> 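Can you read through this structure? Questions will come right after.
No experiment lies behind these values; they were computed from the predicted model shown. Every chain is numbered from 1 and lettered A, B, ... according to where its sequence line falls, protein lines coming before strand lines.
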2 protein chains.
Amino acid sequence: MNSRKQHVIRKSHELFIERGFQATSIQDILDYSGISKGTFYNYFTSKNELLISIFRELHSKMEQERNELLIGQDPSDINVFVQQFELQMYINKKNRLTTLFEEVLISNDPELKQFLKRAQLKVVEWTYKRFVEIFGEEKKPYLLDCAIMFIGILQQNMKFYVLDHDRHTGISRVVQYSVKRVERIVEELALSKDQLHDPSSLDKWLPDHLTADRTFQEELNEIVNELKTTIRSDKPDDRKYLELINFIQEELLHETNPRPFLLENALQPLINSELFNPKEVGRLSKLVSRFFKKKT
Amino acid sequence: MNSRKQHVIRKSHELFIERGFQATSIQDILDYSGISKGTFYNYFTSKNELLISIFRELHSKMEQERNELLIGQDPSDINVFVQQFELQMYINKKNRLTTLFEEVLISNDPELKQFLKRAQLKVVEWTYKRFVEIFGEEKKPYLLDCAIMFIGILQQNMKFYVLDHDRHTGISRVVQYSVKRVERIVEELALSKDQLHDPSSLDKWLPDHLTADRTFQEELNEIVNELKTTIRSDKPDDRKYLELINFIQEELLHETNPRPFLLENALQPLINSELFNPKEVGRLSKLVSRFFKKKT
DNA sequence: ATGATCATTAGACTGACAGTATAATACGAA
DNA sequence: TTCGTATTATACTGTCAGTCTAATGATCAT
């Protein structure tokens, strides 16, 4: 993306954090970021679209950091989940995301409305998927309920916690408290078998989430998590595979120039092993070659 | 209140329900309710103040209906609580309250902001107090947490439930589901003794809730509930008192012309009985005489 | 270097809106 | 009738998002 446009996004975000969305006029943005009105409306079709750009920018950054917390970790370890949600809460707070969100929640612009709804749904979906990894496939029918309630519990706890403790210390405490509660709810629902929301609704709510807009990162992460679930960390043979998978993930996400031959070498043993579902391994190697094709 | 002003409130509320707050211009309101601009700004100092008036109107109506559900009922019966919250959800939905709420949640008007925050806090407070009645004094330290989380769970469940079931059937199901969850949370917290919010915070959050703005109704209800808690429904002698108390409540709230001598007669046995805390009975009889003094 | 193309600029302009101001009129109580 | 108050119609101000235009600057292939 145009770096000038980036600059406008950053500057206007600063203003929005400081005075809020409605209270910041286009003119303020023009003055503060040193561009003219014409340029602004060349970059963005409206003030609302600028806001969407800010959300997008932040969200993709958050997603990346959130996924990095999983590298080299056990996806079923609930402590990783706690860290991930702490991160999200921290980023939210730092960028006044919730405030900005609320401020335009019901706006007259249907595009913005749609965007925000989608964003919320994606949080639910992500939480649900993580819950499946954490609590196991067999609890699936209740985990969408749990995801939805967890988010409700957490948001509400946050809202009232900050009334007493203005500084953003304590995020960690609130997240941990909320996670503990939801752990018991999962147990309880598995016994009482009481379901409010059917997980298949997710596909209805997010019709295109399978196809178009998945990032490379997201897909890599999904495959890696799936491969990891078949690994048992108590078997010494399997640890070798775990390291290989972690290496591939690291190399692709963090190396400025990932080395194709190293990745080839790392992939080969996975392909040969009977431990994994060949389809999954196939997806991974396809993803890797797609990565290098795009680069050129 | 001026009936003409009432009329404007009703009419503009209709418009807000139909098109939303922001999307309704003052001119729309003037045309639709058939008044002039001058009159409008004679009644309300701003569009925001009109909105506050609408909220107030609705809230006091809701409060009344909600309290009526308690008449003749056991305050510790959780089914009554379920009905009360169903009522609130129903009124919310019918009047698009949540939508209107969200639309102006973060507005630039500090007065409106303050008002909305207070309204939310009052819901939490009311829920907390009801939980104390339902789950018992000994669980008090955890019941503010439970109230906060209950509201979070309920709101979130609602939000996603309506995505699948557009008609407002099903409110009942969602409320019951959410109440069931919070019942288990109460149990669990009583064991784990994990507290996030101290109930004493409520006084800090709502500094004036003890004094000025309590309605006659609210206070009557509080005293009646407290008196009822000392009654055991299994003792036949006590049932007589229960009937007396219910009669007093009914007479004051629903009779167009409550009869002082009947109330006197009903109060006397309560005063004479040693069953009740004399202070509470005293408050009740004071409240009754205050009621008749105001009437004249 | 030349000229074509595209990004950028300043600023005038429109239209919508909240809220103010005012002069004229209706109406009710003394 | 008269005085005061509520109401009306309407013009006005100021703010803001978004459009339009004519001029200026930058880039780049030939």
Side-chain angles (χ1 to χ4, degrees), chain A residues 1-55 100 103-116, chain B residues 1-55 100 103-116:
Chain A
M1 191 185 314
N2 186 344
S3 85
R4 205 163 149 73
K5 188 171 169 183
Q6 288 268 11
H7 172 253
V8 177
I9 290 180
R10 249 183 299 119
K11 282 298 194 178
S12 54
H13 186 196
E14 284 177 31
L15 286 180
F16 290 164
I17 287 176
E18 200 180 314
R19 0 182 153 165
F21 178 71
Q22 320 250 31
T24 304
S25 74
I26 300 268
Q27 197 53 54
D28 293 336
I29 296 170
L30 304 185
D31 297 345
Y32 190 63
S33 53
I35 59 163
S36 75
K37 205 167 224 182
T39 309
F40 181 91
Y41 281 99
N42 182 23
Y43 290 155
F44 314 98
T45 67
S46 71
K47 201 179 162 192
N48 283 343
E49 213 207 61
L50 162 64
L51 188 62
I52 291 183
S53 296
I54 292 176
F55 282 144
L100 286 177
E103 191 169 355
V104 290
L105 233 182
I106 306 298
S107 92
N108 305 317
D109 180 351
E111 197 187 331
L112 183 52
K113 230 162 125 176
Q114 172 71 12
F115 177 82
L116 293 177
Chain B
M1 190 186 316
N2 185 344
S3 85
R4 204 164 150 73
K5 188 172 169 183
Q6 288 269 12
H7 172 254
V8 178
I9 290 179
R10 249 183 299 119
K11 283 298 194 179
S12 55
H13 185 196
E14 284 176 30
L15 286 180
F16 290 164
I17 287 176
E18 199 180 315
R19 359 180 154 165
F21 178 70
Q22 318 251 30
T24 304
S25 74
I26 300 269
Q27 196 54 54
D28 293 336
I29 295 170
L30 303 185
D31 297 345
Y32 190 63
S33 53
I35 59 163
S36 76
K37 205 167 226 182
T39 310
F40 181 90
Y41 281 100
N42 181 23
Y43 290 155
F44 313 99
T45 66
S46 70
K47 200 179 162 192
N48 283 344
E49 213 206 60
L50 162 63
L51 188 62
I52 291 183
S53 296
I54 292 175
F55 282 144
L100 286 178
E103 192 168 354
V104 290
L105 234 183
I106 306 299
S107 94
N108 305 317
D109 180 350
E111 197 187 331
L112 183 53
K113 231 161 124 176
Q114 172 70 12
F115 177 82
L116 293 177

> Need to verify one output field. Residue with the more 5' nearest nucleotide on DNA chain D, A:K47 or B:I35?
B:I35
> Parallel under 30°, tilted from 30 to 60°, perpendicular over 60°: which one fits the rings of A:F115 and A:F55?
parallel
> So, does B:Y43 get its side chain near the phosphate of D:dA6, meaning an N or O under 4.0 Å from OP1 or OP2?
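So the side-chain polar atoms of B:Y43 never come under 4.0 Å of the phosphate oxygens OP1 or OP2 of D:dA6.
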> Using the 3.5 Å cut-off, write out each protein N or O paired with an N or O of nucleotides 22-24 of chain D and the distance between them.
none

> Looking at A:I26, is its backbone amide N or carbonyl O close enough to the side chain of A:K37 to form a donor-acceptor pair, meaning the two atoms are under 3.5 Å apart?
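A pair under 3.5 Å: no.
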> Atom CZ of A:F40 and atom P of C:dT8: how far apart are they, to the nearest Å?
14 Å
> For C:dA7, does OP1 or OP2 lie under 4.0 Å from any side-chain N or O of A:T39?
no
> Please check the phosphate of D:dA26 (OP1 and OP2 only) for any side-chain N or O of A:R4 closer than 4.0 Å.
no
> Measure from the side-chain N and O atoms of B:K11 to the backbone N and O of B:G34, and report whether any donor-acceptor pair falls under 3.5 Å.
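No; zero donor-acceptor contacts below 3.5 Å.
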> Go through the steps to decide whether B:S25 and B:D28 satisfy the test side chain to side chain donor-acceptor pair (under 3.5 Å), and finish with yes or no.
CA-CA 5 Å; B:S25 74; B:D28 293 336; 3.3 Å; yes
> Going by number, which of residues 24-32 of chain A have a non-hydrogen atom under 4.0 Å from DNA chain D?
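Of all residues in residues 24-32 of chain A, the ones placing a heavy atom under 4.0 Å from DNA chain D are A:T24, A:S25, A:I26.
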> Please write out the pairs of protein N or O atoms and N or O atoms of nucleotides 20-25 of chain C separated by less than 3.5 Å, giving the distance to one decimal.
none

> Side-chain N or O of A:S36 versus OP1/OP2 of C:dT9: is the shortest distance under 4.0 Å?
yes
